Amino acid sequence: MSPRGDLLGKVAIVTGGANGIGAATVGAVVEQGGRVVIADLADEAGQALAERLGDAARYRHVDVGVRAQMGGLVEFAVETFGTLDLMFNNAGITGAFHQRFLDDPLDDFEQVLRINLASVMWGSQCAARHMARRGSGVIVNTASIAALDPGFSIPAYRASKAGIINFTRSIAVDLGEYGIRVNAVAPGGIPTTMNSLVEPGLSPADFAELQTHLEPLRLIKQPLKKPGKPSDIAEMVVFLASDRASHITGQVMVVDGGVTAGSTLNQTALLAEGRNAFLASRASDRHPEGEPG
Ligand code: NAD
């Protein structure tokens, strides 16, 4: 991202900011002149990122699934940097992967809903209370195309992300009169730890090799034949947070390489092929080889 000063003097909180989409957004906020609190459970990665960014970033250990910690997080940002302009509610988990719903033990459904959805509600309210007092602010929540394009597996995750979308729209309507804009970003498949079916802790070299292996599989359903990157999502978040988006609220911005535009499977061509094969076999039944047609 080229530095344009889009967020000059602004203060952001990024939950799940130590890795993946969150870490890319932290970098982009600072690049655009902002300061940021990185909130995460991954202390080592979060602290290392904050140290790399110097005075513009601070790390805070936060479990977004614990309501009181979200209130403390907003207070920390205001005490540290003086205000809060952007709340990016981004931390999330998929829950355990099972092939079919009938195999799901349901044990982690509550946890997925608490970390992915309840945390967004808590974070939004804590941030909005501060923003409403000064009459401006931006909230961005990370949804997913998993909410728009339902399919196999992780139903609790899909439900949590669908919940984020309606929650976002609902509070955007409510908070408009306080000058607070609320939008969601819905990423498609982005090669992060979460999306790669791996346990955190894989060495960077092994992680990179795994991505190369997974890339063709990731692109099967995607019209644009290049993998999405965390920075693609960060770009959208920075845009939404900036004054360039000053008339946008209550929207879901999909960044997915075209996946939700429609299936890349050309069903019409497949049906035509099937029809032609059928008609050809009919014709040869009626006129076996050697007989005049
Ligand atoms: P990631 O695993 O790289 O990063 C997620 C971060 O959230 C990690 O740093 C993790 O430590 C943190 N986190 C998890 N639980 C937490 C908690 N209870 N408290 C605080 N921090 C916590 O994954 P990512 O792909 O960057 O995911 C970021 C967001 O994007 C998630 O909400 C995810 O659902 C969403 N998303 C990702 C994709 C994708 O393909 N990667 C697609 C759609 C949506």
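Whatever order the structure lists ligands and atoms in, that order sets their numbers, starting from 1. None of the values given here were measured: they were computed from a predicted structure. Index from 1, following the sequence.
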Has Tyr178 got more than 12 heavy atoms of other residues, nucleotides or ligands less than 6.0 Å from its OH?
no
Could you tell me whether a side-chain N or O of Arg158 sits under 3.5 Å from a main-chain N or O of Ser153, the two making a donor and an acceptor?
yes
Mind listing the N or O contacts between ligand 1 and protein, cut-off under 3.5 Å?
residue  : atom   : partner : partner atom : Å
ligand 1 : 9 (O)  : Asn19   : ND2          : 2.8
ligand 1 : 9 (O)  : Asp40   : OD1          : 3.3
ligand 1 : 9 (O)  : Asp40   : OD2          : 2.6
ligand 1 : 11 (O) : Asp40   : OD1          : 2.6
ligand 1 : 18 (N) : Asp63   : OD1          : 2.9
ligand 1 : 19 (N) : Val62   : O            : 3.3
ligand 1 : 19 (N) : Val64   : N            : 3.0
ligand 1 : 25 (O) : Thr192  : OG1          : 2.6
ligand 1 : 26 (O) : Ile21   : N            : 2.8
ligand 1 : 32 (O) : Asn90   : O            : 2.7
ligand 1 : 32 (O) : Lys161  : NZ           : 2.9
ligand 1 : 34 (O) : Tyr157  : OH           : 2.6
ligand 1 : 34 (O) : Lys161  : NZ           : 3.0
ligand 1 : 40 (O) : Gly188  : O            : 3.4
ligand 1 : 40 (O) : Ile190  : N            : 2.7
ligand 1 : 40 (O) : Ile190  : O            : 3.3
ligand 1 : 40 (O) : Asn195  : ND2          : 2.7
ligand 1 : 41 (N) : Ile190  : O            : 3.1
ligand 1 : 41 (N) : Thr192  : OG1          : 3.1

Would you say Thr249's side chain and Val182's backbone share a donor-acceptor pair under 3.5 angstrom?
yes
Donor-acceptor pair, side chain of Thr94 and main chain of Ile154, under 3.5 angstrom
no
Under a 3.5 Å threshold, yes or no: a donor from one side chain and an acceptor from the other, between Asn90 and Thr142?
yes
Quick one: does Ser170's side chain have a donor or acceptor within less than 3.5 Å of a partner on Phe167's backbone?
no
